[in-house]
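Working notes, beginning with the structure itself.
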Amino acid sequence: MPNNLKLVSHGLCPFVQRVAIVLLEKSIAFERETIDLTNKPEWFLAISPSGKVPLLIVSEGEENQTVLFESFPICEFVEDEYRQVSLHPAEPLKRAKHRAWMEFATAAMGDAWGMINSPDKEGFVHKASELRGKLIKLDSALIAGSYFEGAEFSMVDVVMAPIFRFFEVLNSSAQNIVLDGLPRVEAWRQSLMTRPSVRQAVSADYSENLRQFLIGKSAFVVSDFPA
Ligand SMILES: N[C@@H](CCC(=O)N[C@@H](CS)C(=O)NCC(=O)O)C(=O)O
């Protein structure tokens with residue numbers, strides 16, 4: 001019997017987006033349940049060891065239910081279980097390299113999140129320069145083509161897409177601070193942002209919701225940043 005999948009989500013969570021993108025790439029049907037992370041439901045706390053989203057609830061028949069947590073293991077499960085499309089290179093050496101870049105991209109995501117949440121210019125500039133440093137390293141590993149591995153969309157792209165999506169709340173001068181002089185990275189960002197799985201991984205009001213979230217936190221990027 002095919003698995004029944006439920007993705008426990010939050011609308012702004014970049015880790016949830018990873019899982020959604022992988023499921024969408026493989027055209028796997030799944031249900032989404034969005035929860036309020038400021039008021040976590042009891043049922044969620046009972047099944048989430050870390051209290052974090054995403055969770056993937058995998059039901060095989062009526063009785064047999066497994067709750068997976070942590071975005072990377074969830075993505076690996078989906079990759080291993082549903083083989084119609086492969087998002088990891090087959091070759092072990094290349095696969096290991098991709099996994100390393102996924103970890104690297106996760107660190108870049110921390111910089112990007114810190115950057116957009118920064119309450120002041122100094123914090124913004126500091127985090128933007130940390131992020132830019134990592135993007136320069138990624139640029140040196142990029143293969144010519146639309147995605148990290150050239151024409152092939154892979155797990156490294158899955159991890160990068162939610163980072164690039166944060167740029168939707170940056171005005172052009174803020175974007176320039178990070179991306180100026182990095183045309184290949186900018187082209188990579190454009191390719192990812194137009195990819196159907198990436199677009200469908202969030203709701204249509206994602207950018208506005210992120211903007212409102214940041215306004216609520218008085219973040220520099222959405223308040224004082226010069227146009
Ligand atoms: N390492 C985790 C991180 C997940 C995570 O940080 N999720 C955030 C939302 S983006 C969360 O659920 N935070 C709630 C909390 O920490 O209480 C993963 O890769 O799944």
Side-chain angles (χ1 to χ4, degrees), residues 13-15 17-22 24-25 71-72 75-76 79 85-118 121-199 201-202 206-207 210 214 219-221 225-226:
C13 178
F15 301 96
Q17 287 178 52
R18 294 174 175 176
V19 179
I21 293 168
V22 171
L24 288 160
E25 281 293 328
S71 59
F72 277 164
C75 290
E76 295 280 339
E79 172 70 357
V85 171
S86 189
L87 298 175
H88 264 320
E91 196 192 322
L93 196 55
K94 211 178 221 185
R95 189 181 274 241
K97 232 175 87 179
H98 274 222
R99 287 197 172 115
W101 282 115
M102 288 163 70
E103 291 293 344
F104 189 86
T106 298
M109 189 162 80
D111 296 334
W113 184 247
M115 175 184 79
I116 61 172
N117 277 274
S118 177
K121 184 175 180 185
E122 290 67 35
F124 174 87
V125 170
H126 173 67
K127 284 293 175 189
S129 110
E130 302 259 301
L131 173 60
R132 184 177 163 81
K134 290 191 180 66
L135 292 176
I136 290 170
K137 296 259 164 68
L138 278 153
D139 185 36
S140 67
L142 273 178
I143 293 179
S146 302
Y147 304 114
F148 180 74
E149 192 62 40
E152 300 292 323
F153 182 87
S154 73
M155 285 286 186
V156 182
D157 300 298
V158 170
V159 181
M160 285 306 292
I163 303 176
F164 286 139
R165 202 186 319 261
F166 290 152
F167 286 53
E168 289 178 11
V169 295
L170 303 183
N171 68 22
S172 55
S173 16
Q175 289 197 11
N176 275 345
I177 290 175
V178 185
L179 290 172
D180 194 35
L182 297 175
R184 295 194 332 156
V185 175
E186 173 56 11
W188 186 21
R189 183 173 82 95
Q190 298 292 344
S191 304
L192 288 180
M193 289 302 98
T194 50
R195 181 114 181 152
S197 65
V198 171
R199 293 170 66 88
V202 294
Y206 167 88
S207 296
L210 180 58
L214 294 172
F220 177 67
V221 274
F225 207 98

Holding to ring-ring contact (aromatic ring centres under 6.0 Å, His included), I want the full list of residues that pass it with [X], two or more places apart in sequence or in another chain.
X      : result
Phe72  : none
Phe153 : Tyr147
Tyr206 : none

Check step by step if side chain to side chain contact (heavy atoms under 4.5 Å, CB included) holds for Phe164 and Val185. CA-CA 10 Å; Phe164 286 139; Val185 175; 3.9 Å; yes
If the condition is side chain to side chain contact (heavy atoms under 4.5 Å, CB included), which residues does Val125 pass it with, not counting sequence neighbours? Lys121
With sequence neighbours excluded, tell me which residues meet side chain to side chain contact (heavy atoms under 4.5 Å, CB included) with Ala174. Phe124, Leu170, Asn171, Phe225
Of all residues at least two apart in sequence or in a different chain, which pass the side chain to side chain donor-acceptor pair (under 3.5 Å) check with [X]?
X      : answer
Gln190 : Glu186
Glu25  : Arg195, Ser197
Arg18  : Ser71, Thr106
Ser129 : none

Sequence neighbours left out, cut at 3.5 Å: what donor-acceptor pairs do the side chains of residues 131-142 make with other protein atoms?
unit_1, atom_1, unit_2, atom_2, d
Arg132, NH1, Val178, O, 3.0
Arg132, NH1, Asp180, O, 2.7
Arg132, NH2, Asp180, O, 2.9
Lys134, NZ, Asp111, OD2, 2.7
Asp139, OD1, Arg184, NE, 3.1
Ser140, OG, Lys137, O, 2.6

Kindly say whether Val202 contributes a backbone atom to a donor-acceptor pair with the side chain of Gln17 at under 3.5 angstrom? no
Residue set satisfying salt bridge (charged side-chain N to carboxylate O under 4.0 Å, His left out) with Glu130, at least two apart, ordered chain then number -> none
Could you pull out all donor-acceptor pairs under 3.5 Å where a side-chain atom in residues 88-96 meets a protein atom, sequence neighbours excluded?
unit_1, atom_1, unit_2, atom_2, d
His88, NE2, Glu76, OE2, 3.0
Lys94, NZ, Glu149, OE2, 3.1
Arg95, NE, Pro89, O, 3.1

Reported CE-to-CZ distance for the pair Met102 and Phe148, which is rounded to 0.5 angstrom: 11.0 Å
